[in-house]
Amino acid sequence: MGVITDKLPGVLEPVPGGQVLLTAVDQLINWSRSNSLWPLTFGTSCCAIEMMMATGAARHDMARFGAEVARPSPRQADLLVIAGTIVKRMAPRLRTLYEQMAEPRYVMATGSCAICGGPFMYDSYTTIRGADEVIPVDVYVPGCPPRPEAFFYGLLTLQKMIREGESIRHPGERRRPVLAALPEGMTLDDIRKEMQDLLSHDANVKMVDELAEGAHFSAELKDF
Amino acid sequence: MDAPNLIAAVQALQPDATVREKTDRPTLIVPAEGLVALATRLRDDPALKFELLEAHTAIDWIEEDRFELLYLLASIAHGHVLTLSVSVDRENPEVPTLCNVYPIAEWLERESYDLMGILYDDHPDLRRLFLEDDWVGFPLRKDYEDDFMLERPE
Ligand code: SF4
């Protein structure tokens, strides 16, 4: 890979049609990068449990997005998911881990703690107010902790960013074009409906009609 | 042993221990002086057998100008539990260490030294546990302040 990204632009650009070819190579490389994200096994507090839910548990199955091979060594990982609170003592270690990861590397901050310090923002002697004070962050996923759906939304956003973002002509320079990663023609109501369909097959979930909720709820509770 | 019997048995060992009412665990308030002797007897007495120090924490009662130290004891053999509460002066928070009775106390006491600044007499290795070695102050004290902290706006 190093040879391709280092040498190819210099060789191809002068020849006729080389520009087009380079763009095609860009697309190929970005596509493969976005579909083989290897997250680092790194979690510092409660959000890490949610990340395990998203990556390891059966229902959510991150393998669908080519990102399931969690690596315990930063040398082999290229996605750093900051799941949890970063404290003063952790910050230098986080920095080291980030620097040990090979380029191209991507960072997702999940949970309010990693975004801004979250519930520990005030009156804390040690919580860093946002992981982006320590390392650059590509995608933020809000929540305390974020639901796995939100986690995947962040992952899809990151993949979209990777696919559109970088060119081997300027390695390391990243465009951040992402507004929303919702596929075209899809609305929030569609997603809600799909969720409802999915959940209604689940034996553990009791669907409550939203409008009749108030009346229903007490009766159902009594039955329960 | 159930709670009233347990308290009676411990009070027989340590007559000046007072009982705290309305607690989940039977709790005795004891003076700091005889703490090591009491803990040794609680551990070794065959009817009590508190061989486990489950946890040790400190509470900062700043209005009353004292730290309260809690020792949560448990007996695996008999399945009963007991809490000892010791109060120390806030200006001079010194207590004897329980390291020689319960080896786990070494780290538990380092923790409450680190965050609360309780000083343990005869502790073999009273260093900081969580914070950096050059940290100034004890952050879980109610009057702790530093430049890093943000005040919550009203
Ligand atoms: S954002 Fe919430 S769930 Fe996540 S690490 Fe912080 S406190 Fe825990």
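Proteins get letters first, then strands, A, B, ... in listed order; numbering begins at 1 in each.
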Legend entry - CD/A:Glu99: more than 12 non-hydrogen atoms of other groups inside 6.0 Å: yes
Inset, instruction - Under 4.5 Å, heavy atom to heavy atom: which of residues 70-98 of chain A reach chain B? Give them by number, or say none. - result: A:Lys88, A:Arg89
Inset, instruction - Decide if atom CZ of A:Arg64 counts as having more than 12 heavy atoms of other residues, nucleotides or ligands within a radius under 6.0 Å. - result: yes
Inset, instruction - Kindly check if the number of other-residue, nucleotide or ligand heavy atoms within 6.0 Å of CD (B:Glu64) is above 12? - result: yes
Inset, instruction - Select all residues of residues 3-26 of chain B having any heavy atom within less than 4.5 Å of some heavy atom of chain A, and report them by number, or 'none'. - result: none
Inset, instruction - Anything in residues 122-149 of chain B with a heavy-atom distance to chain A below 4.5 Å? Please list those residues in order. - result: B:Leu129, B:Phe130, B:Leu131, B:Glu132, B:Trp135, B:Pro139, B:Leu140, B:Tyr144, B:Asp146, B:Phe148, B:Met149
Inset, instruction - Using heavy atoms and a sub-4.5 Å threshold, report which of residues 117-129 of chain A line up against chain B, by residue number. - result: A:Met121, A:Tyr122, A:Asp123, A:Ser124, A:Tyr125, A:Thr126, A:Thr127, A:Ile128, A:Arg129
